[in-house]
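Because only heavy atoms are used, hydrogens play no part in the values below, and waters and symmetry mates are left out as well, while side chains stay in. Note that ligands are numbered from 1 as they come in the structure, with each ligand's atoms numbered from 1 the same way.
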Amino acid sequence: MPVAFVTGVTGQTGSYLAENLIGRGWQVHGLSRDGDRPAELEQLGVAFHTGDLTDAASLAALVDEVEPDAVINLAALSSVAASWQQPLITAELNGLAVAALIDAANELQKRRGAPVSFVQASSAEIFGDAPASPQNESTPIAPVNPYGASKAYGHLLVGVYRRTGLRASSVILYNHESPRRPEQFVTRKITAGAARIKAGLQDRLVLGDLSVKRDWGWAPDYADAIARVAAGDQPGDYVVATGVSHTIEDFVAAAFAAVGIDDWRPYVETDAAFVRPADAAELRGDASKIREVYGWVPTVGFDDLVRRMARRDLELLEA
Ligand SMILES: Nc1nc2c(ncn2[C@@H]2O[C@H](COP(=O)(O)OP(=O)(O)O[C@H]3O[C@H](CO)[C@@H](O)[C@H](O)[C@@H]3O)[C@@H](O)[C@H]2O)c(=O)[nH]1
């Protein structure tokens with residue numbers, strides 16, 4: 001039974017990844033900070049280890065003990081907005097921790113003499129305000145915020161170790177969403193807000209720039225892409241995206257329609273407090289490479305994604 005060591009396993013994508021890997025017959029070990037061990041994941045069979053991403057020696061000891069066939073690094077300070085308030089911790093968690101983990105994977109590979117896969121959750125944000133869309137694996141790396149800069153370091157380091165013979169891959173994830181997304185991210189903020197407005201529990205939704213365009217996909221599909229790369233033998237950089245982008249306004253309109261409100265305008269306001277110091281106008285990815293190499297294709301389109309999230313938020317209010 002192949003063994004995976006997954007950081008960030010308790011997050012949105014990590015929890016879907018654990019389900020996916022266990023479904024494929026993997027044994028999943030997860031890193032847990034502060035003993036956070038969700039019952040659903042324990043019941044699924046995830047074995048938790050307490051550890052701290054900022055402690056390189058204990059991370060290396062854990063990798064050595066678990067002896068995984070794949071190390072998958074999803075742990076991060078994942079909020080671009082928060083990275084402006086916490087640039088140092090962003091660099092530490094999203095950058096330096098990658099160095100500790102990938103070095104540990106490399107040492108394990110040398111010790112056991114069999115390949116160890118390393119998969120890094122990279123981000124569309126490494127491309128910054130890209131001059132053209134869609135972006136692909138050859139698009140210049142030019143981040144525009146502390147989050148993107150930290151992810152760019154991790155991304156480049158994966159390439160460095162790949163050159164030395166580690167089976168190291170970077171999955172360049174575009175925005176991926178689900179009912180498990182926290183409300184600090186715009187999609188869930190919108191669907192949860194629309195559901196509460198529909199239920200009469202909230203009277204308005206305050207957002208930032210409604211004109212930016214993002215390429216939103218279904219998080220379980222992105223977990224599946226990560227699992228395919230971890231199990232595969234073709235290390236590289238892989239864009240994971242739907243290839244279709246929409247504005248925040250499109251998302252708002254679709255979410256309000258999904259909860260049964262035809263005209264969203266009376267309920268939505270904008271506030272500069274939610275506008276970022278710098279933001280890409282459009283991020284849209286070309287996932288041709290992972291389709292060709294691993295046969296990955298997204299299974300859920302924009303309208304379906306918004307409907308699933310909005311309806312789930314209505315159900316949660318009714319429960
Ligand atoms: N969060 C938030 N974003 C808003 C709001 N109004 C507009 N936005 C805009 O909505 C877009 C999406 O923001 P988020 O949902 O916060 O996600 P993100 O910054 O794009 O980052 C996500 O995707 C990246 C990949 O592209 C990931 O790397 C990152 O971890 C995260 O999952 C951004 O352009 C942001 O400025 C608001 O009220 N809240």
Numbering as shown, the atoms of ligand 1 that approach [X] to under 4.0 Å (heavy-atom distance):
X: F274; answer: 38 (O)
X: Y147; answer: 27 (C), 28 (O), 29 (C), 30 (O)
X: S78; answer: 29 (C), 30 (O), 31 (C)
X: V80; answer: 19 (O), 21 (O)
X: A124; answer: 26 (O)
X: R181; answer: 22 (C), 31 (C), 32 (O)
X: S123; answer: 24 (C), 25 (C), 27 (C), 28 (O)

Test side-chain contact (heavy atoms from CB on, under 4.5 Å) applied to F256 and Y267, step by step: CA-CA 10 Å; F256 276 77; Y267 303 103; 3.9 Å; yes
Set out, in order, the CA-CA distance, both residues' side-chain angles and the distance that settles side-chain hydrogen bond (donor to acceptor under 3.5 Å, both in side chains) for S245 and E282, then state yes or no. CA-CA 8 Å; S245 66; E282 179 178 22; 2.5 Å; yes
Quick one: look up the protein heavy atom nearest [atom] and list residue, atom name and how far away it is.
atom: atom 9 (C) of ligand 1; result: I248 CD1, 3.8 Å
atom: atom 20 (O) of ligand 1; result: N175 ND2, 2.8 Å
atom: atom 38 (O) of ligand 1; result: K189 NZ, 2.7 Å
atom: atom 1 (N) of ligand 1; result: Q184 O, 2.9 Å
atom: atom 6 (N) of ligand 1; result: G208 N, 2.8 Å

Once you restrict to heavy atoms under 4.0 Å, what part of [X] touches ligand 1? Side chain, backbone, both or neither.
X: L207; value: both
X: L173; value: backbone
X: H176; value: neither
X: D279; value: side chain
X: D209; value: backbone

Against the six-membered ring of F185, is R181 placed for a cation-pi contact (under 6.0 Å from the centre, within 45° of the normal)? yes
For the pair E177 and R307, find out whether any cationic side-chain nitrogen is under 4.0 Å from an anionic carboxylate oxygen. no
Between the side chains of E249 and R265, is the shortest nitrogen-to-carboxylate-oxygen separation below 4.0 Å, so that they form an ion pair? yes
Closest heavy-atom approach to atom 8 (N) of ligand 1 among L205, V252, V186 is made by V186
To atom 35 (C) of ligand 1, the nearest of R276, K151, K213, R214 on a heavy-atom basis is R276
Set out, in order, the CA-CA distance, both residues' side-chain angles and the distance that settles side-chain hydrogen bond (donor to acceptor under 3.5 Å, both in side chains) for Y174 and Q135, then state yes or no. CA-CA 10 Å; Y174 280 63; Q135 299 83 41; 2.8 Å; yes
Got a donor-acceptor contact below 3.5 angstrom from the D237 side chain to the E137 backbone? no
Is it the case that the ring center of W296 lies less than 6.0 angstrom away from the ring center of Y222? yes
Result of checking V66, V71, L21, V28 against V3 for side-chain contact (heavy atoms from CB on, under 4.5 Å): V66
What verdict does the salt bridge (Lys or Arg N to Asp or Glu O under 4.0 Å) test give for R308 and D313, after you've listed the backbone C-alpha separation in whole Å, the side-chain angles of each residue and the deciding distance to 0.1 Å? CA-CA 9 Å; R308 288 180 190 207; D313 278 318; over 6 Å; no
